[in-house]
Amino acid sequence: MSSSQPSNTGTAPSKNDVPPTEVDLNAYPTAQKLVSRCRDFFSEVEDLTPGHELEAYLNENYGPGNAIYEDLCDLTRQGLKEGWVANFELDGAKYRRSKVLLPSAENRFFSITTVYMESEEEYSGQYHSHPYGEINCVVQVDKTAELKGMQGWQGAGWTSPGPGTHHYPEVRGGALVALFFLPAGRISYRAKPGDPQPASL
């Protein structure tokens, strides 16, 4: 599916449709380890603002080879095998999500979510906006898979849409998991394609 004609794969999820979190941390030691490693990451970036400058910073300093990045990827892929990562279907097996943890003081008020997307051709998920921005760890399941952020296509590494940005999440080249962090857990499904983007992406 080309990005010029993205497929909106359903209506915005209702608060009544899904539970607050979809992962029982007590049941999965790997999930507990992932949360702990996410908190290590949050402690290092809590005062930074999502956007293109943070995206460049993360790819330079926390990309492949960085211990935190590698641990986040390894634990996420293990969670995928265990069945708790991205276990809630949005568009069949190719587009799934799980909310791992809600914002809390221990999380520096970030939420933790996983989204699995798989497609060789360009495939688009649910249109949404990031009121406070987003920090997104791209976890490749297939080495050729890429996720499209506001700055273009990204393989292994990070995207970080700035506050107020909105888009279709898009994947191509195989399967990946977007392990993403939302300040205050804020996400909105009210934006529409064609709405103006903020002055600073």
Side-chain angles (χ1 to χ4, degrees), residues 1-13 45 48-64 69 72-73 76-77 80 85-86 88-99 111-183 186-201:
M1 184 70 63
S2 70
S3 58
S4 60
Q5 294 181 318
S7 61
N8 192 352
T9 59
T11 59
V45 302
L48 304 179
T49 301
H52 68 276
E53 291 182 357
L54 179 57
E55 181 172 316
Y57 173 81
L58 293 175
N59 280 309
E60 181 177 349
N61 296 283
Y62 289 87
Y69 176 80
L72 293 178
C73 290
T76 300
R77 285 190 285 259
L80 192 63
V85 161
F88 180 87
E89 291 189 356
L90 298 172
D91 185 21
K94 66 182 177 182
Y95 183 33
R96 314 190 305 263
R97 183 204 63 222
S98 61
K99 286 184 271 187
S111 62
I112 303 173
T113 307
T114 59
V115 170
Y116 176 90
M117 300 181 75
E118 179 179 4
S119 181
E120 288 298 327
E121 302 298 322
E122 293 182 19
Y123 170 82
S124 302
Q126 292 176 326
Y127 205 85
H128 65 276
S129 64
H130 324 94
Y132 297 160
E134 176 183 89
I135 299 175
N136 186 359
C137 179
V138 182
V139 180
Q140 291 177 313
V141 178
D142 297 321
K143 295 292 187 183
T144 52
E146 295 179 300
L147 184 73
K148 192 172 187 180
M150 303 308 296
Q151 308 306 316
W153 291 98
Q154 176 68 51
W158 301 83
T159 67
S160 185
T165 57
H166 47 90
H167 69 156
Y168 288 101
E170 296 181 71
V171 68
R172 70 181 183 187
L176 56 76
V177 176
L179 169 65
F180 66 89
F181 315 123
L182 296 170
R186 289 291 308 279
I187 189 168
S188 172
Y189 297 92
R190 296 180 180 179
K192 297 178 176 59
D195 286 352
Q197 295 283 359
S200 175
L201 293 178

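- Taking every heavy atom of both residues into account, G133 and P183 meet most closely at O-CD, 3.2 Å.
- The one candidate from S129, P193, S188 that meets the side chain to side chain contact (heavy atoms under 4.5 Å, CB included) condition with H166 is S129.
- Remark: L90 CG to Y95 OH distance equals 5.5 Å, nearest 0.5 Å.
- Between the side chain of T144 and the main chain of G173, a donor-acceptor pair closer than 3.5 Å is present.
- No side-chain donor-acceptor contact under 3.5 Å links Y127 to the backbone of A191.
- Note that CG of L72 is 5.5 Å distant from CH2 of W158, once rounded to the nearest 0.5 Å.
- Residue L147 comes nearest to A178 through the heavy atom pair CD2-CB, 4.2 Å, listed as atom of the first residue, atom of the second, then distance.
- With sequence neighbours excluded, no residue forms a side chain to side chain donor-acceptor pair (under 3.5 Å) with R96.
- Atom CE of M117 and atom NZ of K94 lie 9.5 Å apart (nearest 0.5 Å).
- When E55, H52, Q197 are each tested for a side chain to side chain contact (heavy atoms under 4.5 Å, CB included) with M150, only one passes: Q197.
- Considering only heavy atoms from C-beta on, V45 comes within 4.5 Å of L58 through its side chain.
- Using a 4.5 Å heavy-atom cutoff, the side chains of Y168 and E122 are not in contact.
- Residues F181 and I112 meet the side-chain proximity criterion, which asks for heavy atoms closer than 4.5 Å.
- Between L54 and T49 the shortest side-chain heavy-atom distance does not fall below 4.5 Å.
- Across P198 and P163, no two heavy atoms sit closer than the pair CG-O, 3.5 Å.
- The two residues A175 and A145 make their nearest non-hydrogen contact at O-CB, 3.2 Å.
- Put simply, the side chain of E134 never gets that close to the backbone of P161: no donor and acceptor are under 3.5 Å apart.
- The OH atom of Y62 sits 10.5 Å away from the CD1 atom of I135 when rounded to the nearest 0.5 Å.
- Remark: Y116 pairs with E118 by the side chain to side chain donor-acceptor pair (under 3.5 Å) rule, at least two apart or across chains.
- Side chain of S160 to backbone of G51: a donor-acceptor contact under 3.5 angstrom is found.
- The two residues S98 and A86 come nearest to each other via the heavy atoms OG-N, 2.8 Å.
- Between the NE2 atom in H167 and the NE2 atom in H128 there is a gap of 3.5 Å [rounded to 0.5 Å].
- For R77, the side chain to side chain donor-acceptor pair (under 3.5 Å) criterion is met by D74, not counting sequence neighbours.
- Although no hydrogens or angles enter the test, the distance criterion places a donor-acceptor pair under 3.5 Å between the side chain of Y69 and the main chain of V138.
- When every heavy atom of G157 is checked against every heavy atom of N59, the shortest pair comes out as CA-OD1, 3.4 Å.
- To the nearest 0.5 angstrom, L182 atom CG is 7.5 Å from H130 atom NE2.
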